[in-house]
Number of protein chains: 2
Amino acid sequence: MTDVARAAGVAIGTVSNVLNHPDKVAPATLERVQGAIAQLGFVRNTNAQQLAAGRSRSIGLVVIDISNSLFVDIARGAQRYATELSMNVLVANSDNRIDQQRADLDFFDGARVGGILLAPMEDAGDDVARIRTHGRPTIMLNYDTGRNDCCQVLVDNEEVGYLAARHLIEIGRTRLAFVGGRDYLQPVALRRRGVRRAVAEENGRVTLQEIPTENLDPPGGLRAGEELAPQVRDGRLDGVIAVTDLLAMALIQVFGAEGIAVPGDVAVMGCDHNSAAWGGMIPLTSVQMQGIDMGREGVRLLLAELGEDPATHEHVTTVLRPELVVRESTVGRSAISAASV
Amino acid sequence: MTDVARAAGVAIGTVSNVLNHPDKVAPATLERVQGAIAQLGFVRNTNAQQLAAGRSRSIGLVVIDISNSLFVDIARGAQRYATELSMNVLVANSDNRIDQQRADLDFFDGARVGGILLAPMEDAGDDVARIRTHGRPTIMLNYDTGRNDCCQVLVDNEEVGYLAARHLIEIGRTRLAFVGGRDYLQPVALRRRGVRRAVAEENGRVTLQEIPTENLDPPGGLRAGEELAPQVRDGRLDGVIAVTDLLAMALIQVFGAEGIAVPGDVAVMGCDHNSAAWGGMIPLTSVQMQGIDMGREGVRLLLAELGEDPATHEHVTTVLRPELVVRESTVGRSAISAASV
DNA sequence: TTGAAAGCGCTAACAA
DNA sequence: TTGTTAGCGCTTTCAA
């Protein structure tokens, strides 16, 4: 910056003003300094800037698994909104490791970012508390701490399950199964509850069986599929809600191999609109998790919290409404325009 | 840090030594200072540290599209290796926008990271040159500038095409088609060349037709599939190489809808082992692009360049060998153990 | 409107 | 082995 000042024949403080308060600088000087900046290819040192200014234009985003498309969407949404506000989002991927997640949080803490967005897998209460101690707001994405100890952006996972079950019921399916996971995972428990509610509303006209699986990966789906296939043939089952798209795709694979038609014999749908399950033979009906909105809203809440007095700040929780995405696996090809592929 | 010094009853320089040169500190003092650090929950300010030290323990990774699993793998590989070296990788996603890519590069330049890994979509020569001017090494991943103006890590894309075609030939397919894109995309041109070479080696025993598509997305694959389906029925085609996995999945989808058996009537394979195409009805044979290795090698080259005198540094290009991944879409279920699902 | 100078929190050379 | 101190590149008063 000293070089720029010399080249433009002004003092270093003026260069700083050109960068930070261009309105406080005479037009002629401004132009001269900007010329020098361009000429020298000057890029200001963010470290020094942050150190001197004591504030940051960066936001740290820590996601537990970047290979899940929900988190990619969150990153995208956060990034786009931050760009609009001329802020920056840095992404750290914890690669499904809880110790890495802690390291990522500490890194951003050390970098003195303005705030942190955290999309965790499990509870990270201690880490968040520590970082908050340092005066850095942290927003939780897609995870309900249940403690009202930070702002949160959630999707109404019970509504996810409800929407899924309603959809199957509305297309005339009456013998349903809910496949997936175990209730210690927050989203599983909530989606299950929503499914039950939708079924209960039908006063016995619709039946529901629940098939837990060891985990949420395709192999679990294959086993569940083998268990369910005979029921489909016997007419005891005509609609399946898998708690994740990956599970749904695995089920469809098994049904296909067993000669069962989807959605003819059985409609199958997922619940998290995961692009890792796209491109399959049968496009999957699912429920959109609003990742883009989640990232965007996270940034918004973060900035709101940054703008408030920490002493009086009240944590807010934004709950997003999920949306049904209807594709072939429940209604068949006929009902969908070719354009939607 | 002043607080830590006071709490431990030492000078601030000693705290710095504890952090940076623990061997230069008496064990008793060391323990006392570390105690104070833990007690106060002190996290050192990376900005100040980098400013004072003039070097950085961070690496910036700029990827053009984080929703492509190759780039996710690259990030993972880079991250894991950097962690081993107690360095940090920050990821910026350019979201397929070239101006965002430039902004990302400038951001890392401003943050004075140790070096930059760039996995670009198109040429970014100007930007890289500018950043290099600032003395920051930049390594190109998965893109050959053809100018030997920086270190590069590439996959032998001609070999990708060759491996793909060899595989189909080895399982007895003789009437092949290469589907995909246009040659202005580097990987497409190279893979096509590899396919041609494999076919040429068969001295006319194998035929090859080439079907360009408008882009590399599923819709392009649907159109190509409709063009090819009649040929399969006539027996004029028994093996297809799609230049991307997404294209391959779209082809399989069309063939399925037309009642054509894969791989019975026609074997179909992709070329980039993209997880966005997993979970489909028919697991896809493809060619592994070694993303993890690419990220890892990128970090290695970066550190090597950082360790050398810039004046004498010679750019190196590492070319990774792709690997065939055989799954059902070319050899059927029988040939694969159920475990591989 | 511009210039001068005091720090931001840390590192590293040097002195004790 | 520990303490002292001069910057690192910038922002931001305050004075001119």
Side-chain angles (χ1 to χ4, degrees), chain A residues 1-37 40-58 86 88 106-114 134-136, chain B residues 1-37 40-58 86 88 106-114 134-136:
Chain A
M1 211 155 107
T2 320
D3 298 342
V4 175
R6 188 170 32 233
V10 297
I12 183 171
T14 304
V15 178
S16 176
N17 275 332
V18 169
L19 259 17
N20 301 308
H21 311 283
D23 48 308
K24 308 245 172 224
V25 175
T29 321
L30 199 148
E31 198 168 338
R32 197 147 37 91
V33 173
Q34 285 172 336
I37 289 177
L40 276 66
F42 167 76
V43 178
R44 106 160 152 289
N45 186 328
T46 329
N47 294 305
Q49 161 169 261
Q50 287 192 21
L51 185 58
R55 54 189 149 59
S56 166
R57 301 209 63 76
S58 297
S86 56
N88 254 291
D106 280 343
F107 174 83
F108 285 134
D109 197 17
R112 302 298 190 266
V113 295
H134 303 164
R136 207 169 317 292
Chain B
M1 210 154 109
T2 320
D3 297 344
V4 175
R6 189 169 32 234
V10 297
I12 184 173
T14 304
V15 178
S16 176
N17 275 331
V18 168
L19 258 18
N20 302 307
H21 312 283
D23 47 309
K24 308 245 173 224
V25 175
T29 320
L30 199 147
E31 199 168 337
R32 198 147 37 90
V33 173
Q34 284 172 337
I37 289 178
L40 274 65
F42 167 76
V43 177
R44 102 161 154 288
N45 185 328
T46 328
N47 295 305
Q49 163 170 256
Q50 287 192 21
L51 186 57
R55 54 190 150 57
S56 165
R57 301 210 63 76
S58 297
S86 56
N88 253 291
D106 279 344
F107 174 83
F108 284 134
D109 196 18
R112 303 296 191 266
V113 294
H134 303 163
R136 208 169 315 292

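Here is how names work: the chains are called A, B, and so on, in the same order as the sequence lines, proteins then strands, and each is numbered from 1.
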Once you round it to whole Å, what is the distance between [atom2] of [N] and [atom1] of [X]?
| X | N | atom1 | atom2 | answer |
| --- | --- | --- | --- | --- |
| A:Asn47 | C:dG7 | CG | P | 22 Å |
| A:Asp3 | D:dC10 | CG | C1' | 14 Å |
| A:Gln49 | D:dC8 | CD | C1' | 15 Å |
| A:Leu19 | D:dG9 | CG | C1' | 12 Å |
| A:Met1 | D:dT12 | CE | C1' | 11 Å |
| A:Arg112 | D:dC10 | CZ | C1' | 17 Å |
| A:His134 | C:dG9 | NE2 | P | 14 Å |
| A:Ile12 | D:dG9 | CD1 | P | 10 Å |

Ignoring hydrogens, what is the shortest heavy-atom contact between [X] and [Y]? Give both atom names and the distance.
| X | Y | answer |
| --- | --- | --- |
| A:Val43 | B:Asp106 | CG1-O, 4.1 Å |
| A:Val10 | A:Thr29 | CG1-CG2, 3.8 Å |
| A:Leu40 | A:Ala7 | CD1-CB, 4.2 Å |
| A:Ala11 | A:Ala5 | C-CB, 3.9 Å |
| A:Val25 | A:Val18 | CG2-N, 4.0 Å |

- Using a heavy-atom cut-off of under 4.0 Å over every strand shown, decide if A:Gly54 touches base, sugar-phosphate, or nothing. nothing
Closest listed nucleotide, where the reference is the side chain of [X] and the choices are [options]:
| X | options | value |
| --- | --- | --- |
| A:Arg44 | C:dA12, D:dG7, D:dT11 | D:dT11 |
| B:Ala48 | C:dC10, D:dC10, D:dG3 | C:dC10 |
| A:Ala52 | D:dT4, D:dT11, D:dT2 | D:dT11 |
| A:Thr14 | C:dT11, C:dT2, D:dC10 | C:dT2 |
| B:Ala11 | C:dG3, D:dT2, D:dT4 | D:dT4 |
| A:Leu51 | D:dT2, D:dG9, D:dT12 | D:dG9 |
| A:Val10 | D:dT11, C:dG3, C:dT11 | C:dG3 |

- B:Arg55 side chain N/O closer than 4.0 Å to the phosphate oxygens (OP1, OP2) of C:dA12? yes
Is [X] reaching over with its side chain to a backbone N or O of [Y], donor-acceptor style, under 3.5 angstrom?
| X | Y | value |
| --- | --- | --- |
| B:Arg136 | B:Val113 | yes |
| B:Ser58 | B:Asn88 | no |
| B:Arg112 | B:Ser56 | no |
| A:Arg44 | A:Met1 | no |

- Side chains of A:Gln50 and B:Asn45: closer than 4.5 Å at any heavy-atom pair? no
- Looking at residues 20-36 of chain A, who's got a heavy atom less than 4.0 Å off DNA chain D? A:Asn20, A:His21
- Task: Can you run through DNA chain D from 5' to 3' and write each base as (, ), [, ], | or . depending on how it pairs? Watson-Crick or G-U wobble, both distances under 3.5 Å.
- Result: ||||||||||||||||
